[in-house]
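What follows is a short report on a single structure.
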Amino acid sequence: MKYNFNEIEAKWQKYWADNQTFKAKNPPLLGEMEGAPKFYVLDMFPYPSGAGLHVGHPLGYIASDIYARYKRHKGFNVLHPQGYDSFGLPAEQYAIQTGQHPALTTEENIKTYRRQLDQIGFSFDWSREVRTSDPSYYKWTQWIFIQLFNSWYNKDSNKAEDISELIKIFASEGNLKVNAVCDDTIESFSAEAWNAFDTVKQQQILLQYRLTYLAETEVNWCPALGTVLANDEIVNGVSERGGHPVIRKKMTQWSMRISAYAERLLQGLETIDWTESLKETQRNWIGKSVGASVFFPILSFPKGEEKAGSEKRPGYLTGGNNSHLILERAKEMRANPTLAEAALWEQLRNKNLDAKFRQQHLIEDYIVDFVCLDKKLIVEVDGKIHDSQIEEDAKRTEILENNYYKVIRFTNDEVLGNIEGVLKTIQEELSKRASVKNTQVPPSGARGIEVFTTRPDTIFGVSFMTLAPEHELVSQITSPAQKAEVEAYIEATAKRSERDRMADVKTISGAFTGAYAEHPFTKEPIPVWIGDYVLAGYGTGAVMSVPCGDQRDYDFAKHFNIPILNIFSITNPPPSEGSGEDKAFTEKSGFVLMNSGFLNGLSYKEATQKVIIELEKLGQGQGKTNYRLRDAVFSRQRYWGEPFPVYYVDGMPQMIDAKHLPIKLPEVEKYLPTETGEPPLGNAKKWYWLQYGDKADIVSKEEFDNSSPLGRLGGALELNTMPGWAGSSWYFNRYMDEHNENEFASKEALNYWKDVDLYIGGSEHATGHLLYSRFWQKFLFDKGLVPVDEYAKKLINQGMILGTSAFVKNLNFVFKYKSEEDLIEDTPTASVYFAPLYVSNNILKDKERLEKLLIDLINSNSKFKTLKNYIQSGKFETEPEIFFYEKHADVSFVNASDELNIEAFKNWREEYKNAEFICEEDGTFRVKREVEKMSKSKYNVVNPDQICVEYGADSLRLYEMFLGPLEQYKPWNTAGITGVHGFLKKLWRLYHQGENESFYVTSSPPSEGLGEALKTLHKTIKKVQEDIENFSFNTSVSSFMIAVNELTEQKCTSKEILEPLLILLSPYAPHIAEELWSQLGHAESISTAPFPKFYASHLVESSKNYPISFNGKMRFTLELPMDFNPQQIEEAVMAHEKTQEQLQGRVPKKVIIVPGKIVNIVG
RNA sequence: GCUCAAGUGGCGGAAUUGGUAGACGCGCCGGAUUCAAAAUCCGGUUCUUCGGAGUGCGGGUUCGAUUCCCGCCUUGAGUACCA
């Protein structure tokens, strides 16, 4: 009987499907699995692309499948599901090109994937399949989004809580005491103020606290793809998919407040068994730095503003950088008020409204009519002229409101006609606003520079400050003398693209602002510079520069001749470090401080503690932790993604009630943005939410506009869709209870399966999927929706399988003219005139031979007749000048010995039809091989379908594992598969040693016993078990080979050996194992047969073949009984003739004997 | 620059607590079978001047180092002026 793998594999794949062999059982219907431990093995589900699978894709699936099958043999209730991450860009790009609905192409692609996966024999429980693009799935993605919207992060309880709690707090005590994660620019308000806000205002404020929120953010806009990209979707400044340019753009977007979880995402890494490099990547991405925030008051101001500042509240300056220019104008305006202004001032000046107002006051670069500085309320009275400058006014209002001022406007007519009404409005606004006096007590000047530093201990080494050129203070503090220089510098840096700044880190540039800040302790003035090595986006966009302790500060100081003060008394210098004098000393240990006032003699740790206490006493700083992790943009201007369950009323987002979910993706005519630049959903004819009571519908704009507003809810639906990572951030929970229509998964299922025990996938998801999904899991955990806050206990990254490309060498040559006189433009001997010529790789190495072969060819081949005649004219050099090009040949034309199938290659493309080939002496044509990424364009893609047809799925599975360690990158070379295929044939023969290769396994042990065979078996049991548990799948394939080689040698036919061997092999090569298992007489699948037990007693040896070393070098071996004691061993070794031969009369100094291991003779 | 991972025959790789370096497989060489080829089977295969040498390089610890320590080089991945 032959090993007919195609037949066997089809048979068992059908059996598994028909019998639902791998269906995992959920409580309460556990059946025979009652009491069995659970085990959840998960693969990162694939995006079903149109190209189908290549041999690199199933690598991780094979590994996880082996593990899952192994755990079943070990008696676990195993959950091993699979599904599809089926929303995404490629299907949509394809839809744009072809007009085909992405749902259709996705469905097609999934069919291909499923067929390919099935033929490899995975033990997936397909009854639990999920697809992120399926409405029954994304219903729950939308539901989770709503939960995020309805939550805020309470820093006191350190978890997400319901937004209704926050509203209660606001209503009873305002937001002053709330310790929440929120936007940076939050205004403070009292309970009274909150209750007085209209609902739009309240919603605006709440958005600043919600875990998913709408905000104008600077995003990575990719014009070619027409969408926003996340940071991890951009590689080297271009889009990861397609390599299109990406620009920065401001847009209103949904964001996820992942920053709230920064610390917990960092801490959680300690509790999970993920690869160290992956954890390190996540740590980097989170970017925690611990230090202090320090406040440096500004000492000097440009002329004019100094005065303005010293008027009443020293240091509290509201004017902008140009104050000294505008001040005169303000005075003039005060003296000449309009009629309306005068009337209103009359009312305001006497504190009739219980608030102090100023008239014609400087705020930034504007002169405002009236301002209450304490409440930051601006009152403007507009004359006729303002009708013609509405836009300018709007801009002015925006700038002022960005600085937390509230601007209210009245017309002259209002003021003059209804002054009571105007005053009432002002009074109402005043009562809504919190007093600045209560919240903000300026230390020695409210205007100063706040910096974040990780080295507060070095504060006495500060010799200058550096601001990012974009820093908002720059325009305000620059002195008139420095203005031109500063502005020129800002302009120059703004022009430099992101790429330039990245590429050119070395050039030092900056400018002095002319301003000085005050050192918190020495009270000395410190010059304030700007420099583009300080990033606006990190920390506060300003640094205290300590040249002796930071190399960039040092370089900057040297470049601009700023004094450098050394504060390090170095006690233990690391060899490569500077002393602080000639190079920055950046270590945190090996020194005590000097020249540092009260910090003298202290170490980094002591000084840091002390200086923070002192800063707090001064009110000029406190300990602070910074994270680099930014909130994640959650909107995509695409069609093929989850729609948001959101509609808008008065520009404010409203969540649709969960009972109306899913909000299904609407049909659109085309998948491109609309003419007005809206996302593709803007093309939907019906995309308005219309709801009365429990009845709801999605309708057209006309229908909505014509509907009765009485009791109506609804509005325009959100046009963006969710990003690719939305659906993949929680799918592992859905597999536990995939068909549940009432919950995303039942409590019972979640509590039973809890978390993923083994998760396998690529490391390219380190900062995308793997971070976001941890964030969502922690959020769901906070809300009591899942039982654990880390969803994957162990994670392994499988390495990529690379392709082994084949290159043919295209030979080109020129015979040169001997005489320049003969030279004409068109050289008749150039090879372009003749048949394309290819030369075997090995010949290239021998240039002389190649030349000879070439000339022989020209002389003998009729295709080169014209050329031959030319050469014989005698005008040319006899030796040609040779050069060549490499061209990819399809790897399927090349065999294991790198020989090209010339006929196949010729027929591949028209241009190769007439090619001539210079072959090796043996007539073969060799290609050059090189390892590259597996890709269509390199013609090195190997399709698993082909392998399964030629060698079978079991061979494919074994070979993928055999290639090398799972985590490692390794090249695929189809040639090598004959090794494992041969092994399977040999295995088959081991069970078919009967007549005519018939099945033959004996039940009774042979008379001479099973000694050797048992040793082989148990050695293999031990090895395979250890290997699987250590995820070292490559080595167990080797041990199977060794076992089969040995058993074949032993002519073993015993069932006692051959039956357990099949169970060992079954996780790796399940089809052949099932087949032989059934031939052994079993009616049931092998899949749950108990894993054989290992007995060490079978491996006990009576003698040991000792390696005998001389000075650590093994020279010969000596078989000695195991029970010899060291003395007996020494005697036996010393008596041996080879020992004497090695020693050549010398007397050994020492003899090391480790019984059972080695003998080493020294001397 | 920083962080992490890795460097072993012609190739993929093995050597799990420091103890016979190169298991297993590919390829190559030789043989058997065959009219012949493929397929299959058997044997050999780190280099070598036959003394030895040898796990990227240079040191060190040890009776003994691919394994531990120090310094360096190369490759790959991540990150990028992060204060």
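None of the values given here were measured: they were computed from a predicted structure. By convention in this document, chain letters (A, B, ...) are assigned in the order of the sequence lines, proteins followed by strands, and residues within each chain are numbered from 1.
- B/C69 and B/G7 are spaced 15 Å apart, taking the P atom of each and rounding to whole Å.
- When heavy atoms are screened at a 4.0 angstrom cut-off, A/Asn626 is found touching no nucleic acid atom at all.
- For A/Met1114, the side-chain contact (heavy atoms from CB on, under 4.5 Å) partners are A/Pro1107, A/Ser1109, A/Thr1117, not counting sequence neighbours.
- Side-chain atoms of A/Glu899 and A/Thr924 include no donor-acceptor pair closer than 3.5 Å.
- Atom C1' of nucleotide B/A15 and atom CG of A/Asn1034 are separated by 12 Å, given to the nearest angstrom.
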- Protein-proximity profile, nucleotides 38-59 of chain B, B/S/- by nucleotide at the 4.0 Å heavy-atom cutoff, equals --SS-----------SB-----
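- For the pair A/Ile1161 and A/Tyr959, nearest-nucleotide mapping onto RNA chain B gives the more 5' position to A/Tyr959.
- Comparing B/A15 with B/U66, their C1' atoms sit 8 Å apart, to the nearest whole Å.
- Distances shorter than 4.0 Å separate some side-chain N or O of A/Arg552 from OP1 or OP2 on B/C82.
- Note: CG (A/Asn895) to P (B/A37) measures 16 Å, nearest angstrom.
- With hydrogens and angles disregarded, a donor-acceptor distance shorter than 3.5 Å links the side chain of A/Asn1160 to the backbone of A/Gly1112.
- For B/A23, neither phosphate oxygen OP1 nor OP2 lies less than 4.0 angstrom from any side-chain nitrogen or oxygen of A/Thr1035.
- Here B/C24 presents its C1' atom at 12 Å from CD of A/Glu1046, a figure rounded to the nearest Å.
- The separation between A/Leu958 atom CG and B/C26 atom P is 13 Å, rounded to whole Å.
- A glycosidic torsion no more than 90° from 0 defines the syn conformation, and B/G51 adopts it.
- Relative to the side chain of A/Asn1045, the nucleotides B/C28, B/A14, B/G25 differ in distance, and B/G25 lies closest.
- Listed by chain and residue number, nothing satisfies the ring-ring contact (aromatic ring centres under 6.0 Å, His included) test with A/Tyr969 (two or more places apart in sequence, or in another chain).
- Here the nucleotide nearest the side chain of A/Thr454, chosen from B/G19, B/A83, B/A80, is B/A83.
- When the C1' atom is compared between B/A32 and B/A39, the two are found 14 Å apart, to the nearest whole Å.
- Here the two rings, on A/Tyr951 and A/Tyr959, have centers that are 6.0 Å apart or farther.
- With sequence neighbours left out, A/Lys1023 forms a salt bridge (charged side-chain N to carboxylate O under 4.0 Å, His left out) with A/Asp1027.
- Residue A/Asp1027 is classed as a base contact, given a heavy-atom separation below 4.0 Å to a base.
- Comparing A/Gly541 and A/Pro965, the nucleotide of RNA chain B nearest to each residue sits closer to the 5' end for A/Pro965.
- Scanning for side-chain hydrogen bond (donor to acceptor under 3.5 Å, both in side chains) contacts around A/Ser1039 gives an empty result, with sequence neighbours left out.
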- Apply the test side chain to side chain donor-acceptor pair (under 3.5 Å) to residues A/Glu967 and A/Thr275: give CA-CA distance (whole Å), side-chain angles for both, the deciding distance (0.1 Å), then the verdict. CA-CA 10 Å; A/Glu967 298 92 330; A/Thr275 57; over 6 Å; no
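- Using a 4.0 Å heavy-atom distance criterion, A/Lys1022 is classed as making no nucleic acid contact.
- Going from the C1' atom of B/U67 to that of B/G22 covers 15 Å, rounded to whole Å.
- Counting non-hydrogen atoms under 4.0 angstrom, A/Asp553 reaches nothing in the nucleic acid.
- Not a single salt bridge (charged side-chain N to carboxylate O under 4.0 Å, His left out) links A/Asp555 to another residue, sequence neighbours left out.
- On the C1' atoms, B/U55 is 13 Å away from B/C47, given to the nearest whole Å.
- Among the duplex regions that RNA chain B forms, those built from at least three successive Watson-Crick or G-U pairs under 3.5 Å are B:1-7 with B:73-79, B:10-12 with B:24-26, B:27-32 with B:40-45, B:56-60 with B:68-72, ordered by first number.
- Checking B/U16, B/U20, B/G78 against the side-chain heavy atoms of A/Thr281 singles out B/G78 as nearest.
- Partners of A/Lys288 under the side-chain hydrogen bond (donor to acceptor under 3.5 Å, both in side chains) rule, at least two apart in sequence or in another chain, are A/Glu263.
- Put simply, NZ on A/Lys624 is 13 Å from C1' on B/C82, counting in whole angstrom units.
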Give me the distances for all protein-to-nucleotides 3-12 of chain B N/O pairs that come in under 3.5 Å?
from  : atom 1 : to       : atom 2 : distance (Å)
B/U3  : O2'    : A/Glu280 : OE2    : 3.4
B/G12 : O2'    : A/Leu963 : O      : 2.4

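- Taking both residues in full, the closest heavy atoms of A/Gly510 and A/Phe560 are given as N-CZ, 3.5 Å, listed atom of the first, atom of the second, then distance.
- The side chain of A/Leu535 sits closest to B/C82 out of B/G25, B/U17, B/C82.
- Scanning for salt bridge (charged side-chain N to carboxylate O under 4.0 Å, His left out) contacts around A/Lys624 gives an empty result, with sequence neighbours left out.
- In this structure, B/G59 shows a glycosidic angle more than 90 degrees from zero, which is the anti conformation.
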- Item | Pair A/Glu932-A/Ser805, side chain to side chain donor-acceptor pair (under 3.5 Å): steps then yes or no | CA-CA 6 Å; A/Glu932 298 179 291; A/Ser805 301; 2.5 Å; yes
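- Comparing B/U16 with B/U61, their P atoms are spaced 25 Å from each other, to the whole Å.
- When the side-chain hydrogen bond (donor to acceptor under 3.5 Å, both in side chains) test is applied to A/Gln622, the partners found at least two apart in sequence or on another chain are A/Ser293.
- Base engagement by A/Thr1117 is indicated by at least one non-hydrogen atom pair under 4.0 Å involving a base atom.
- Residues satisfying the ring-ring contact (aromatic ring centres under 6.0 Å, His included) test with A/Phe983, not counting sequence neighbours, are none.
- In this structure, the CD1 atom of A/Ile1158 is 8 Å from the P atom of B/U20, given to the nearest Å.
- Counting to the nearest Å, the P atom of B/U17 and the CD atom of A/Glu1026 are 11 Å from each other.
- Per the geometry, CD belonging to A/Glu899 stands 13 Å off C1' belonging to B/A37, to the nearest Å.
- Only the C1' atoms considered, B/A80 is 36 Å distant from B/C11, to the nearest whole Å.
- Rounded to a whole angstrom, the distance from the C1' atom of B/A65 to that of B/C2 is 30 Å.
- Among the heavy atoms of the strands lying under 4.0 Å from A/Asn1160 is at least one base atom, whether or not backbone atoms are also near.
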